[in-house]
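Okay, so here's the structure we're looking at.
Counting starts at 1 for both ligands and their atoms, following the listed order.
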Amino acid sequence: MYKLIDGREISAAVKNNIADQVAQLAQKGITTGLAVIIVGDDPASKVYVGSKKRACAELGIKSEEYALPADTTQEQLLDIIAQLNMRSDINGILCQLPLPKHIDEKTVIDAILPSKDVDAFHPVNVGRIMIGDFDFLPCTPAGIMEMLKYSQIDVEGKHCVVIGRSNIVGKPMAMLMLHKNATVTICHSKTQNLAEICRQADILVAAVGRAKFVTADMVKDGAVVIDVGMNRPDGKLCGDVDFDSVAEKCSAITPVPGGVGPMTIAMLMQNTLTAAKRQNNI
Ligand code: NAP
């Protein structure tokens, strides 16, 4: 019988703790503030931004939304970021990706002050994660580490296999597991013998972006399976793991929805709180 790793329950516990700390800062006259920028009207991005704003409201974090039209120029966007960088009441700045094609994502990411980069995408923060000296962790991998900790699943000495090598999920995921003394294998679209490698995993993280990609034949008996995927092949949210066939083989598994997704938002709130503390020398 597998244990369901409940992201809603764990994120609620994390958020309770954040709300307490935000309230303590407020008692000292410090407002915790997050600016969320969205350019264009990508429906999935709108949903994510809505969830982030709701989480801020729930936790007492002030949120400011900049909903910019799709034809916003890169210069206009950089101007807004420059203004937000200078504001002491805005601790975190998040620019929802993807951006329209005429805007260079790297230039935009580089423009956010590293101390306000609550997504942890800026090269300075990426470098600090690499050497294990960081303030912010990228939200999705950090949320997964929190889920494992809460579920008392120790990664030390385990063989962790991460499918996916994106800068946002796969690579930082592997790095965080390495910092916790796991033996890590990263797989991608050119990996040979993928199923065989996955079958060696004590902990398997699927961050592929393909619905039901991980099937039962790719999973070792008793493995822990973390499903990062958020796919909507027929409009309905579905993970990268074929949950129905895989779950019975696992000791623990995350569902979609209700798994990694809520944790990502909770960790964004955590990073915003950390930013507010650092900027106020706490
Ligand atoms: P991404 O940038 O598209 O990266 C996907 C990775 O999967 C790439 O490294 C790619 O390999 C690899 N891949 C693709 N096809 C493969 C195959 N057949 N075999 C092995 N590897 C393969 O995606 P991402 O941003 O990391 O996101 C991954 C998934 O997580 C998406 O469904 C996304 O929506 C979801 N996501 C969820 C959350 C959350 O909060 N739950 C947050 C972020 C992302 P190559 O590098 O060789 O192309």
Just jot down the ligand 1 atoms closer than 4.0 angstrom to any heavy atom of [X], in number order.
X	answer
Gly261	40 (O), 41 (N)
Gly209	28 (C), 29 (C), 31 (C), 32 (O)
Phe213	17 (C), 18 (N), 19 (N)
Gly164	6 (C), 7 (O), 9 (O)
Val169	26 (O), 43 (C), 44 (C)
Asn231	32 (O)

Which one holds for [X] and ligand 1: side chain close, backbone close, both close, or neither close, with close meaning a heavy atom under 4.0 Å?
X	result
Val208	both
Arg210	side chain
Thr191	neither
Thr264	side chain

Test side-chain hydrogen bond (donor to acceptor under 3.5 Å, both in side chains) applied to Lys15 and Gln270, step by step = CA-CA 8 Å; Lys15 286 196 287 187; Gln270 177 71 60; over 6 Å; no
Could you check which of Cys198, Ala207, Ala44 puts a non-hydrogen atom nearest to atom 6 (C) of ligand 1?
->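 Considering heavy atoms of Cys198, Ala207, Ala44, the nearest to atom 6 (C) of ligand 1 sits in Ala207.
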Strictly under 4.0 Å, does any heavy atom of Val228 approach an atom of ligand 1?
->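 Flag set, Val228 near ligand 1.
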Can you spot which of Asp202, Thr183, Thr185 makes a side-chain hydrogen bond (donor to acceptor under 3.5 Å, both in side chains) with His159?
->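 Of Asp202, Thr183, Thr185, side-chain hydrogen bond (donor to acceptor under 3.5 Å, both in side chains) with His159 is met by Thr185 alone.
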For ligand 1, is there an N or O atom under 3.5 Å from any N or O atom of [X]?
X	answer
Ser189	yes
Met230	yes
Lys190	no

If we only count heavy atoms from C-beta on, is the Leu148 to Ser151 side-chain gap below 4.5 Å?
->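 No. Closest side-chain heavy atoms not under 4.5 Å.
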Starting from [atom], which protein heavy atom do you reach first, and at what distance in Å?
atom	answer
atom 42 (C) of ligand 1	Thr140 OG1, 3.2 Å
atom 21 (N) of ligand 1	His188 C, 3.1 Å
atom 1 (P) of ligand 1	Ser166 CB, 4.1 Å
atom 46 (O) of ligand 1	Arg165 NE, 2.7 Å

Apply salt bridge (charged side-chain N to carboxylate O under 4.0 Å, His left out) to Glu105 and list each qualifying residue two or more places apart in sequence or on a separate chain.
->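 Result, salt bridge (charged side-chain N to carboxylate O under 4.0 Å, His left out) vs Glu105: none returned.
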Dump the intermediate steps for side chain to side chain contact (heavy atoms under 4.5 Å, CB included) on Asn167 and Val126, then the final yes or no.
-> CA-CA 9 Å; Asn167 291 332; Val126 174; over 6 Å; no
Under a 4.0 Å threshold between the charged nitrogen and the carboxylate oxygen, would [Y] count as salt-bridged to [X]?
X	Y	answer
Asp135	Arg128	yes
Asp234	Lys236	no
Glu65	Lys52	no
Lys62	Asp89	yes
Asp42	Lys46	no

What is the distance from atom OG of Ser11 to atom OH of Tyr150, rounded to the nearest 0.5 Å?
->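 Reported to 0.5 Å precision, the distance equals 9.5 Å.
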Honestly curious: do Ile168 and Met269 fall in one hydrophobic cluster under the side-chain, below-4.5 Å linking rule?
->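 Both belong to a single hydrophobic cluster.
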